[in-house]
Chemist: 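This structure is in structure tokens; I'll ask about it shortly.
Everything numeric here is computed off the predicted structure, so don't read it as measured data. For reference, positions follow the sequence shown, starting with 1.
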Amino acid sequence: VPQVHVKPQDASLEAAGSYVLNLGTIYRALFTTLRIEPGKTLFVEGAATGTGLEALKSARNNGLQVTGMVSNNDRAEYIRGLGATGVINRKDSRYANAFTKVPADPQQWAEWEGKGEAILADYRAQNNGKLADYVVSHAGELSFPRSFQMLEENGVLTFYGASSGYHFTFMGKKGMRSPQEMFEKGSLRAGEAVLIYYGVDTLEDGIVDAVGLEAIESAREMGARIVVATYTDAQKEFVQSLGYGDAVRGVFSIEEIKRREGENFIWPETMPDFPNPKTETEQFKETVRFFTDYIFKPFGSAVAKYLRSPDNPRGYPDLVFERAGHDALGVSTTLLKPYTGRVVYSEEMNGRRYSFYAPQVWMRQRRVYMPTANIWGTHLSNAYEVIRMNEMIDANMLEITEPVFVEFEELPEAHQAMWENRHVGSTYVVNHAIPRAGLKTKDELYEAWAAQMNGTLE
């Protein structure tokens with residue numbers, strides 16, 4: 001694929017009409033969401049094509065060491081030629097059966113982590129012994145768990161798509177911090193609404209949850225509006241007896257929701273295993289409906305009862321204090337206020353599996369903060385970001401990649417190539433009306449049309 005370093009005003013019509021989607025998405029991921037810094041390391045999925053290619057080139061041009069994941073040796077050589085520091089070929093025989101979701105069975109978690117050691121070792125060998133400060137993910141549920149495993153301590157993963165499925169799983173990383181520190185990391189502000197889970201890990205009496213109590217007290221001191229979700233009625237009564245006053249707007253228990261809703265409410269041990277939306281479309285839709293109707297809505301209604309307001313009619317919390325001892329991340333990320341909502345963990349997460357529904361994080365740009373790692377959703381660019389992106393192109397800090405130009409009758413093959421991951425380049429453009437590729441101005445287009453109508457252009 002020819003690399004064309006041109007100004008936006010000098011781009012061909014096919015490039016000008018297509019570069020903003022991919023490059024704009026990457027601009028937001030790198031410069032708005034991650035706020036990348038020179039000298040750090042980045043791992044990017046699908047680095048030889050599409051948005052992955054744009055991430056590779058953009059980060060390289062801004063002083064990062066970039067390692068890309070590819071699917072064959074030809075693509076590996078291609079991205080090395082573009083300046084990639086390292087390459088992870090996911091089809092390497094040493095990685096056999098490594099790119100999978102984390103299994104739900106706890107007895108298989110350690111084995112699953114072990115299958116990634118060869119990938120981590122190869123990454124370190126190409127990056128001076130360290131893992132990735134940043135990860136850009138978009139390949140979906142089969143790659144995401146390994147990409148998260150690739151994060152260095154305090155690293156950040158951002159993602160904006162899920163081509164292989166939406167059921168995201170990962171294994172937690174080592175480290176713990178106080179609730180106060182995590183509220184500060186999540187930028188909790190006075191007046192914001194916070195949901196705190198209580199009773200996940202209790203003392204022998206089944207009532208006193210030391211971390212839960214610390215979280216309530218810290219959130220109260222920071223001026224938050226608090227709702228507490230306990231597991232049992234006894235825990236609810238204990239929290240209510242502590243005299244937190246107006247800071248705690250409400251306390252409810254999962255037990256009482258079960259009594260009220262009966263068979264219409266199920267509190268999950270983990271996120272339901274979503275079928276592949278491409279191959280099992282109806283089963284996938286049914287699983288989404290089940291999660292929404294039997295898990296999310298009953299629990300969300302209990303939270304919203306205490307948080308509804310004229311500017312927040314659905315009663316979304318701004319922040320959820322999650323717990324390492326259970327896997328409710330799928331519920332919490334669905335429940336959060338869109339675009340600004342945050343989940344924070346403070347406890348040790350190492351050796352435990354967590355799961356969530358990917359679109360709720362990337363499309364709504366929610367964020368998950370953990371003691372030593374972060375997952376931040378990102379999405380399309382806005383008008384301001386496109387202006388800034390074009391300024392960076394003018395300054396040679398970003399590049400416009402010339403698209404692959406195919407004629408209209410070649411559209412089926414182009415789609416099939418993308419479906420089978422045989423495509424090349426950053427973007428495919430299908431020609432519907434342009435007389436020929438490479439035109440750059442309105443006058444050139446009119447002249448080419450006129451020549452075509454006069455029979456002088458084949």
Chemist: Give, for atom CD of Glu113 and atom CD of Glu111, the distance between the pair rounded to the nearest 0.5 Å.
Modeler: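 The CD atom of Glu113 sits 11.5 Å away from the CD atom of Glu111.
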
Chemist: Side-chain contact test, heavy atoms from C-beta onward, threshold under 4.5 Å: evaluate it for Phe43 versus Ser137 and give yes or no.
Modeler: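 Sidechains of Ser137 and Phe43: no contact.
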
Chemist: How far apart are the closest heavy atoms of Ile216 and Ile226, and which atoms are they?
Modeler: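 Distance-wise, the nearest heavy atoms are O-CD1, 3.6 Å.
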
Chemist: For the pair Arg342 (side chain) and Ser187 (backbone), establish whether a donor and an acceptor sit closer than 3.5 Å, ignoring hydrogens and angles.
Modeler: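 Side chain of Arg342 to backbone of Ser187, a donor-acceptor pair under 3.5 Å: yes, one is there.
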
Chemist: Counting distance only, does the side-chain N/O of Arg60 pair as donor-acceptor with the main-chain N or O of Ala84 below 3.5 Å?
Modeler: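 Not at all, since once roles are kept as given, no pair shorter than 3.5 Å links the two residues.
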
Chemist: In terms of ring plane angle, is the pair Phe265 and Trp267 parallel, tilted or perpendicular, where the classes change at 30° and 60°?
Modeler: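 If you compare the ring of Phe265 with that of Trp267, the planes turn out tilted.
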
Chemist: If we ignore hydrogens and angles and just use 3.5 Å, is the side chain of Asp209 paired with the main-chain N or O of Gly212 as donor and acceptor?
Modeler: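 Yes, because the side chain of Asp209 sits within donor-acceptor range (under 3.5 Å) of the backbone of Gly212.
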
Chemist: Using a 3.5 Å distance criterion without hydrogens, assess whether the side chain of Ser241 forms a donor-acceptor pair with backbone atoms of Phe238.
Modeler: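 Yes: the side chain of Ser241 pairs with the backbone of Phe238.
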
Chemist: Ring centroid separation for Phe321 and Phe183, is it under 6.0 angstrom?
Modeler: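 For Phe321 and Phe183, the ring centres are under 6.0 Å apart.
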
Chemist: Phe144 vs Phe170 aromatic rings, parallel, tilted or perpendicular, using cut-offs 30° and 60°?
Modeler: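 The arrangement is perpendicular - the two ring planes meet at more than 60°.
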
Chemist: Given Leu151 and Leu131, is the side chain to side chain contact (heavy atoms under 4.5 Å, CB included) satisfied, shown in steps?
Modeler: CA-CA 6 Å; Leu151 277 179; Leu131 294 176; over 6 Å; no

Chemist: Output the distance between atom OG1 (Thr333) and atom CG (Leu336), rounded to the nearest 0.5 Å.
Modeler: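 Thr333 atom OG1 to Leu336 atom CG measures 7.0 Å (nearest 0.5 Å).
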
Chemist: With a 4.0 Å cut-off on N to O distance, would you call Lys258 and Glu263 a salt bridge?
Modeler: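 Salt bridge flag = no for Glu263 with Lys258.
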
Chemist: Roughly how far, to the nearest 0.5 Å, is CG of Asn276 from CZ of Phe284?
Modeler: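 Phe284 CZ to Asn276 CG: 9.0 Å, rounded to 0.5 Å.
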
Chemist: So does Glu256 pair up with Lys236, basic N to acidic O under 4.0 Å?
Modeler: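 Yes, this pair counts.
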
Chemist: Hey, is CG on Asn73 packed in by over 12 heavy atoms from elsewhere, all under 6.0 Å?
Modeler: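 No - once you tally the heavy atoms of other residues, nucleotides and ligands closer than 6.0 Å, there are 12 at most.
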
Chemist: Distance alone, cut at 3.5 Å: any donor-acceptor contact between the side chains of Asn72 and Asn89?
Modeler: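 There is no such pair (donor and acceptor under 3.5 Å, judged by atom type) between the side chains of Asn72 and Asn89.
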
Chemist: Let's go through Leu157 and Asn374 carefully: what are the C-alpha distance in whole Å and the side-chain angles of both, what is the deciding distance for side chain to side chain contact (heavy atoms under 4.5 Å, CB included) to 0.1 Å, and is it a yes or a no?
Modeler: CA-CA 6 Å; Leu157 179 152; Asn374 305 288; over 6 Å; no

Chemist: State whether the number of non-hydrogen atoms from other residues, nucleotides or ligands found under 6.0 Å of Asp105 atom CG is greater than 12.
Modeler: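 Yes - once you tally the heavy atoms of other residues, nucleotides and ligands closer than 6.0 Å, there are more than 12.
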
Chemist: Knowing that exactly one of Asp122, Asn127, Thr85, Thr41 qualifies, which makes a side chain to side chain donor-acceptor pair (under 3.5 Å) with Thr67?
Modeler: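 Looking at Asp122, Asn127, Thr85, Thr41, the match for Thr67 under the side chain to side chain donor-acceptor pair (under 3.5 Å) is Asn127.
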
Chemist: Could you state the interatomic distance from CD (Gln126) to CG (Asn128), rounded to the nearest 0.5 Å?
Modeler: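 It is 11.0 Å, given to the nearest 0.5 Å.
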
Chemist: Set out, in order, the CA-CA distance, both residues' side-chain angles and the distance that settles salt bridge (Lys or Arg N to Asp or Glu O under 4.0 Å) for Arg323 and Glu347, then state yes or no.
Modeler: CA-CA 7 Å; Arg323 307 301 300 275; Glu347 299 159 292; 2.9 Å; yes

Chemist: So Leu23 and Met389, side chain to side chain contact (heavy atoms under 4.5 Å, CB included) or not? Walk me through it.
Modeler: CA-CA 8 Å; Leu23 190 55; Met389 176 182 70; 3.6 Å; yes

Chemist: More than 12 foreign heavy atoms under 6.0 Å from CG of Asn97: is that the case here?
Modeler: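 No.
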
Chemist: Any idea how Tyr357 and Tyr166 line up, ring-wise: parallel (<30°), tilted (30 to 60°), or perpendicular (>60°)?
Modeler: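 Tyr357 vs Tyr166 ring planes: perpendicular.
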
Chemist: For Glu399, is there an ion pair with Lys57 - N to carboxylate O distance below 4.0 angstrom?
Modeler: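 Yes.
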
Chemist: Are more than 12 heavy atoms from other residues, nucleotides or ligands located less than 6.0 Å from atom CD of Glu420?
Modeler: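 Counting other residues, nucleotides and ligands, CD of Glu420 exceeds 12 neighbours.
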
Chemist: Take the angle between the ring planes of Phe274 and His167 and call it parallel below 30°, perpendicular above 60°, tilted in between.
Modeler: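 Phe274 vs His167 ring planes: tilted.
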
Chemist: Between Glu54 and Thr51, is there a side-chain donor-acceptor contact under 3.5 Å, judged purely by atom types and distance?
Modeler: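 No, no side-chain donor-acceptor pair sits under 3.5 Å.
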
Chemist: Is there a donor-acceptor pair under 3.5 Å between the side chain of Glu45 and the backbone N or O of His138?
Modeler: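 The answer is yes, because a donor-acceptor pair under 3.5 Å joins these two groups.
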
Chemist: Looking at Arg80 and Glu77, is there a salt bridge between them, counting it only when a charged N and a carboxylate O are closer than 4.0 Å?
Modeler: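 A salt bridge is present here (some side-chain N lies under 4.0 Å from a carboxylate O).
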
Chemist: Between Asp318 and Ala193, is there a donor-acceptor pair closer than 3.5 Å when you use the side chain of the first and the backbone of the second?
Modeler: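 Flag set: sc Asp318 to bb Ala193 pair under 3.5 Å.
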
Chemist: Could you point out which residue of Tyr354, Trp362, Phe356 forms a ring-ring contact (aromatic ring centres under 6.0 Å, His included) with Phe168?
Modeler: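 Looking at Tyr354, Trp362, Phe356, the match for Phe168 under the ring-ring contact (aromatic ring centres under 6.0 Å, His included) is Phe356.
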
Chemist: Between Trp112 and Lys101, is there a cation-pi geometry (under 6.0 Å to ring centre, at most 45° from the normal)?
Modeler: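 Because its charged atom misses either the 6.0 Å distance or the 45° angle limit, Lys101 does not stack over Trp112.
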
Chemist: ring-ring contact (aromatic ring centres under 6.0 Å, His included) with Trp376: which of Phe159, Tyr160, Tyr369?
Modeler: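 Passing option: Tyr369.
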
Chemist: What verdict does the side chain to side chain contact (heavy atoms under 4.5 Å, CB included) test give for His379 and Thr25, after you've listed the backbone C-alpha separation in whole Å, the side-chain angles of each residue and the deciding distance to 0.1 Å?
Modeler: CA-CA 6 Å; His379 204 19; Thr25 298; over 6 Å; no

Chemist: Could you go step by step and tell me if Asp233 and Arg259 meet the salt bridge (Lys or Arg N to Asp or Glu O under 4.0 Å) rule?
Modeler: CA-CA 11 Å; Asp233 293 338; Arg259 280 198 308 275; 2.5 Å; yes

Chemist: Closest heavy-atom contact between Thr287 and Pro272?
Modeler: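 Shortest heavy-atom separation between Thr287 and Pro272 comes out as CG2-CB, 3.9 Å.
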
Chemist: Tell me if a side-chain donor or acceptor on Trp109 pairs with a main-chain N or O of Gly351 at a distance below 3.5 Å.
Modeler: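 Flag not set: sc Trp109 to bb Gly351 has no pair under 3.5 Å.
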
Chemist: Looking at every non-hydrogen atom in both residues, tell me the closest pair between Gly165 and Pro277 and how far apart they are.
Modeler: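 Closest approach of Gly165 to Pro277: CA-CD, 4.1 Å.
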
Chemist: Please determine if Glu261 and Lys297 form a salt bridge, counting it only when a charged side-chain N lies under 4.0 Å from a carboxylate O.
Modeler: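 Salt bridge between Glu261 and Lys297, a charged N being under 4.0 Å from a carboxylate O: no.
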
Chemist: Looking at OG1 of Thr49 and CG of Asn22, how far apart are the two atoms once the value is rounded to the nearest 0.5 Å?
Modeler: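 Separation between the atoms: 9.5 Å.
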
Chemist: When you measure from the side chain of Ser163 to the backbone of Ala139, do you find a donor-acceptor pair of N or O atoms at a distance under 3.5 Å?
Modeler: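 Indeed, once roles are kept as given, a pair shorter than 3.5 Å links the two residues.
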
Chemist: Between Glu348 and Lys174, does at least one N-O distance fall below 4.0 Å, as a salt bridge requires?
Modeler: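 The answer is no: the pair does not qualify as a salt bridge.
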
Chemist: Between CD1 of Ile119 and CG of Asp92, what distance do you get to the nearest 0.5 Å?
Modeler: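 Between atom CD1 of Ile119 and atom CG of Asp92 there are 9.0 Å.
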
Chemist: Taking everything shown except Lys278 itself, do over 12 heavy atoms lie less than 6.0 Å from its NZ?
Modeler: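 Yes, enclosed.
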
Chemist: With a 3.5 Å distance limit and no angle check, can you tell me whether Ser164 reaches the backbone of Glu141 through a side-chain donor-acceptor pair?
Modeler: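 Indeed, once roles are kept as given, a pair shorter than 3.5 Å links the two residues.
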
Chemist: If we ignore hydrogens and angles and just use 3.5 Å, is the side chain of Asn62 paired with the main-chain N or O of Ser58 as donor and acceptor?
Modeler: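 Yes; at least one donor-acceptor contact below 3.5 Å.
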
